[in-house]
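Worksheet: the structure to be examined is printed underneath.
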Amino acid sequence: MRLVVVGAAGRMGRMLIRAIDQAQGCRLVAAVERPGNAAIGSDAGVLAGLPTLGVAVTSDPAAAFAAADGVLDFTAPDATVAFAGLAADAGILHVVGTTGMEPAHLAKLEEAARRTPIIRSGNMSLGVNLLAALVRKVAATLGTDWDIEVVEMHHRMKVDAPSGTAVLLGEAAAEGRNVDLAKARVAGRDGITGAREAGTIGFAALRGGTVVGDHKVIFAGAGERLELAHVAEDRSLFAQGAVKAALWGKGRAPGLYSMADVLGLDAL
Ligand code: NAD
């Protein structure tokens, strides 16, 4: 499978180049960065700490997509929307790990998914997707007298909050409870907030150091508490998940897919 990495010079971009190099059944055919990025023209392998791959980083995604079967995209919401249009034009699979997407971005992805398969997840790891399935189950079992709070911590460079994974876990809890997360969500408490409203799903985001990604979903009842947690120790697991998603998505019909589809977790 011929794969393109967009955002190739980013933290995840470099991981994706390495993950493709290590995986069977796929190869890197192009690496894209935004115009003006210092990595343009350099070898993608060297950029990722590998031997030369003979693939120079380019700022022309349309040309790159024309000769590929799929694109791996961990960039930024506006860029991802633009790449979705180009991937749909080229008829290639789009794997999206970008987080911080607003409803308007997601609507554009849904539009593009009518023309080509898109696999999107705020977290590409097996552990977190399994955790989401457990959270859905627990939330469905416990009543609204159990308060749900999602706590996350990430490295100091992260630009969005709460994390895509925290939102994914909050969505799983909301699904379990059969409520709309947009209505139940409470994020960033500060000052005189008043007592906690029953049925809400709270989020708290911590930032610091080099933390790859810690998530905890707390179910707090009267006199007892249940905590489900995941710790990501290494970013490479997200990249490996994205490559796995690409290989799974090859030849699929247009549509919007999730990591739960890729990992076969829907039955849980
Ligand atoms: P980063 O800032 O290190 O990398 C982003 C890269 O995208 C940069 O190199 C930037 O130049 C590039 N980029 C931005 N706009 C572009 C454009 N129009 N064309 C080409 N390149 C463009 O960030 P990061 O830590 O690698 O994270 C990237 C995204 O992935 C974030 O949204 C992050 O939250 C998300 N992420 C998701 C998962 C997951 O499993 N889904 C895991 C880790 C990070």
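Note that ligands are numbered from 1 as they come in the structure, with each ligand's atoms numbered from 1 the same way.
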Original post:
Counting only N and O atoms by type, is there a donor-acceptor contact under 3.5 Å from the side chain of Thr193 to the main-chain atoms of Asp190?
Top reply: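 Here the side-chain-to-backbone pair does not exist.
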
Subject >> Flag, side chain of Thr165 to backbone of Gly122, donor-acceptor distance under 3.5 Å >> reply: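 Yes, the answer is positive, given that a donor and an acceptor are paired below the 3.5 Å cut-off.
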
Among all protein non-hydrogen atoms, which one is nearest to [atom], and what is the separation to 0.1 Å?
atom	value
atom 35 (C) of ligand 1	Gly97 O, 3.5 Å
atom 2 (O) of ligand 1	Arg11 NH2, 3.9 Å
atom 26 (O) of ligand 1	Met12 N, 2.8 Å
atom 29 (C) of ligand 1	Thr75 O, 3.4 Å
atom 40 (O) of ligand 1	Met124 N, 2.9 Å
atom 9 (O) of ligand 1	Glu33 OE2, 2.5 Å
atom 33 (C) of ligand 1	Thr99 OG1, 3.7 Å
atom 20 (C) of ligand 1	Arg34 N, 3.2 Å

**OP:** For Thr80 and Thr75, run side-chain hydrogen bond (donor to acceptor under 3.5 Å, both in side chains): C-alpha distance rounded to whole Å, both residues' side-chain angles, the deciding distance at 0.1 Å, then the answer.
**Re:** CA-CA 7 Å; Thr80 292; Thr75 57; 3.2 Å; yes

Residue [X] vicinity, atoms of ligand 1 by number, heavy atom under 4.0 Å:
X	result
Thr98	32 (O)
Gly7	6 (C), 7 (O), 12 (C), 21 (N)
Phe83	17 (C), 19 (N), 20 (C)

Evaluate [X] for polar contact with ligand 1, using N/O atom pairs at a separation under 3.5 Å.
X	result
His155	no
Ala79	no
Val6	no
Arg235	no
Ala9	no

Is [X] in contact with ligand 1, taking contact as a heavy-atom separation below 4.0 Å?
X	value
Asn123	yes
Gly164	no
Gly122	yes

With heavy atoms only and a cut-off of under 4.0 Å, state how [X] meets ligand 1: side chain, backbone, both or neither.
X	answer
Lys158	side chain
Ser121	backbone
Asn37	side chain

Do [X] and [Y] sit in the same hydrophobic cluster, where Ile, Leu, Val, Met, Phe, Trp and Tyr count as joined when their side-chain heavy atoms come under 4.5 Å apart?
X	Y	value
Leu237	Leu16	yes
Tyr257	Leu72	yes
Val150	Val167	yes

Original post:
Taking the six-membered ring of Phe203, is the NZ or CZ of Arg185 close enough (under 6.0 Å from the centre) and on axis enough (within 45°)?
Top reply: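 Relative to the ring axis of Phe203, which defines the angle, Arg185 lies inside both limits.
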
Original post:
Does the side-chain hydrogen bond (donor to acceptor under 3.5 Å, both in side chains) test come out yes or no for Ser163 and His215, once each step is laid out?
Top reply: CA-CA 9 Å; Ser163 70; His215 293 87; 2.8 Å; yes

Please check if atom [atom1] in [X] has more than 12 non-hydrogen atoms from other residues, nucleotides or ligands closer than 6.0 Å.
X	atom1	result
Glu227	CD	yes
Lys158	NZ	yes
Arg196	CZ	yes
Arg2	CZ	yes

**OP:** Could you verify whether a donor N or O on one side chain and an acceptor N or O on the other, from Thr58 and Asp60, lie under 3.5 Å apart?
**Re:**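 Their side chains do not contain a donor-acceptor pair, so the 3.5 Å distance test is not met.
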
